[in-house]
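Heads up: numbering here begins at 1 and tracks the sequence.
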Amino acid sequence: MTSQRDDGDENAWSADDYDGGHAFVFEYGEGVVDLLDPAPGERVLDLGCGTGHLTASIADSGANVVGLDADRAMVAEAARTYPDLRFVQGDARQFAFREPFDAVFSNAALHWIDEQDAVLDSVGDVLRPGGRFVAELGGTGNVESIVGAVEAAAAERGYTVENPWYFPSVGEYASLLEAHGFEVRYATLFDRPTELDDGEAGLASWLGMFGDGLLGPVPEDERDAVVADVEDHLRKELFADGTWTADYRRLRVVARDGTSKPQK
Ligand code: BEZ
């Protein structure tokens, strides 16, 4: 669920912080599970499963689901919380399973990964012919206000920061899927303003959890000042009634694997 988080990676997260203060990530993901519409007995891979809550939600339908995440701590937490489910640590750019899946599902994970060609190759490889890929990720324009404010605040101190995430448009992602042998059945981009937890501290907390890549060029001892400037800049636009609201935009896709494959 990261720019390939693993041990030592700058994006390694605390599973407790993730569940405790950023639960909206998987709470909103329930809508993507509805889009998946898992059926009893289906084999489903949850790619970038985090702490496993949506994996469990998929399993509730009677599907046989496997959760995969790059982050060892997340996988360990998921396995602790849902001991009856199977979780594996793995790299979304390069994974393989012996048995094919009927569906690959992914929520709020793919925008952390630059190498989308490798991801879609792996997804295609593990799907049975005709299997479906159902995913939600940040779409073009996602958190644009936040990124813009961080860019401006960092620039005032002489640092150049760049959006570290992959937020494609419908056209870009649909073309990529087609180039990898998928038939795109559904693709949509929509605004989903997302209330952050933690009240007044919500934006700082979000940047603390997710913003390491974005704030990378800013030295640690200047980050609090940059975040304070960002808050000042965005307060009018994104803060109301004690709550920060991030300018999320989601890209949702459903695609069918259209390649013919040798029998395994
Ligand atoms: C998102 O889910 O859109 C997202 C989360 C963290 C950082 C950037 C985007």
Side-chain angles (χ1 to χ4, degrees), residues 1-6 9 11-92 95 97 101-113 119 123 126 132-138 142-143 165 190 192-198 202 205-206 208-210 243 245-246 248 250-254:
M1 165 170 316
T2 65
S3 48
Q4 285 316 293
R5 286 170 294 139
D6 48 30
D9 189 294
N11 279 316
W13 295 339
S14 150
D16 286 346
D17 286 352
Y18 180 76
D19 268 5
H22 307 276
F24 57 83
V25 177
F26 54 83
E27 285 165 2
Y28 275 114
E30 290 293 349
V32 201
V33 175
D34 291 343
L35 193 61
L36 172 69
D37 194 17
E42 279 196 316
R43 263 177 66 76
V44 178
L45 176 66
D46 179 2
L47 189 57
C49 65
T51 44
H53 300 303
L54 294 180
T55 321
S57 174
I58 294 167
D60 284 346
S61 69
N64 297 319
V65 59
V66 178
L68 181 146
D69 202 282
D71 189 301
R72 210 181 296 273
M74 292 278 186
V75 169
E77 178 65 19
R80 243 190 319 271
T81 312
Y82 302 107
D84 294 338
L85 301 182
R86 184 174 166 216
F87 295 96
V88 294
Q89 193 208 358
D91 184 334
F95 57 89
F97 287 84
F101 288 93
D102 298 298
V104 174
F105 168 92
S106 184
N107 176 60
L110 299 177
H111 49 241
W112 291 97
I113 303 170
V119 173
V123 171
V126 301
R132 63 200 191 282
F133 177 47
V134 178
E136 178 175 305
L137 63 155
N142 192 38
V143 294
W165 301 293
F190 59 97
R192 196 190 60 213
T194 297
E195 290 190 355
L196 304 180
D197 295 323
D198 268 356
S205 167
W206 188 91
M209 179 81 186
F210 300 119
T243 299
T245 298
Y248 274 30
R250 314 320 281 167
L251 176 65
R252 277 187 186 175
V253 296
V254 178

When rounded to the nearest 0.5 angstrom, what distance separates [atom1] in [X] from [atom2] in [Y]?
X: Ser106; Y: Phe133; atom1: OG; atom2: CZ; answer: 6.0 Å
X: Leu47; Y: Leu110; atom1: CG; atom2: CG; answer: 6.0 Å
X: Leu36; Y: Glu42; atom1: CG; atom2: CD; answer: 7.0 Å
X: Leu45; Y: Phe101; atom1: CG; atom2: CZ; answer: 4.5 Å
X: Trp206; Y: Asp198; atom1: CH2; atom2: CG; answer: 14.0 Å
X: Leu251; Y: His111; atom1: CG; atom2: NE2; answer: 11.0 Å

Q. Can you name the side chain to side chain donor-acceptor pair (under 3.5 Å) partners of Arg252, sequence neighbours left out?
A.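 Partners of Arg252 by the side chain to side chain donor-acceptor pair (under 3.5 Å) criterion, ordered by chain and then number, come out as Glu136.
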Q) Looking at residues at least two apart in the chain, or sitting in another chain, which of them share a side chain to side chain donor-acceptor pair (under 3.5 Å) with Asn64? A)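 Asn64 satisfies side chain to side chain donor-acceptor pair (under 3.5 Å) with no other residue.
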**Q.** Pair listing, ring pair (Phe, Tyr, Trp, His ring centres under 6.0 Å) test, anchored in residues 56-80, at least two apart
**A.**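 Passing the test, one end in residues 56-80: no pairs.
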Q: With Arg250 as the cation and Phe190 as the aromatic partner, state whether NZ or CZ is under 6.0 Å from the six-membered ring centre and within 45° of the axis.
A: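 Checked: cation-pi criterion not met.
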(Q) Taking side-chain contact (heavy atoms from CB on, under 4.5 Å) as the definition, give me every residue that meets it alongside Pro193, ordered by chain and number, with sequence neighbours left out. (A)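 Expected list: Asp191, Thr245.
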Q) Considering residues at least two apart in sequence or located in another chain, which fulfil the side-chain contact (heavy atoms from CB on, under 4.5 Å) criterion with Ala79? A)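 Only Phe87 meet the side-chain contact (heavy atoms from CB on, under 4.5 Å) criterion with Ala79.
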Q.
Using only atom types and a distance under 3.5 Å, with no angle test, would you say the side chain of Asp69 pairs donor to acceptor with the backbone of Cys49?
A.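 At least one qualifying donor-acceptor pair exists.
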Q: Mind jotting down which residue pairs meet the salt bridge (Lys or Arg N to Asp or Glu O under 4.0 Å) criterion with at least one end in residues 45-59? Sequence neighbours excluded, please.
A: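 Sorted result for residues 45-59: empty, none.
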**Q.** Test item: Val254 and Leu35 side chains (from C-beta on) under 4.5 Å apart, heavy atoms
**A.**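 Heavy-atom side-chain distance check passes, below 4.5 Å.
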Q. Do Trp165 and Val143 have side chains that get closer than 4.5 Å, going by heavy atoms?
A.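 Yes, close enough: below the 4.5 Å cut-off.
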How close do [X] and [Y] get, counting heavy atoms only, and between which atoms?
X: Leu196; Y: Ala246; value: CD2-CB, 4.0 Å
X: Ala92; Y: Ile113; value: CB-CD1, 3.5 Å
X: Ala63; Y: Pro38; value: CB-CB, 4.2 Å

Q. What residues, two or more places apart in sequence or in another chain, satisfy ring-ring contact (aromatic ring centres under 6.0 Å, His included) together with Phe95?
A.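 So Phe95 forms no ring-ring contact (aromatic ring centres under 6.0 Å, His included) with any residue.
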Q) For Thr55 and Tyr82, what are the C-alpha separation, side-chain angles and deciding distance, and is it a side chain to side chain contact (heavy atoms under 4.5 Å, CB included)? A) CA-CA 9 Å; Thr55 321; Tyr82 302 107; over 6 Å; no
**Q.** Partners meeting salt bridge (charged side-chain N to carboxylate O under 4.0 Å, His left out) with Arg86 (sequence neighbours left out)
**A.**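 For Arg86, no residue satisfies salt bridge (charged side-chain N to carboxylate O under 4.0 Å, His left out) once neighbours in sequence are set aside.
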Q | Stepwise side chain to side chain contact (heavy atoms under 4.5 Å, CB included) test for Val88 and Val66 | A | CA-CA 8 Å; Val88 294; Val66 178; 4.3 Å; yes
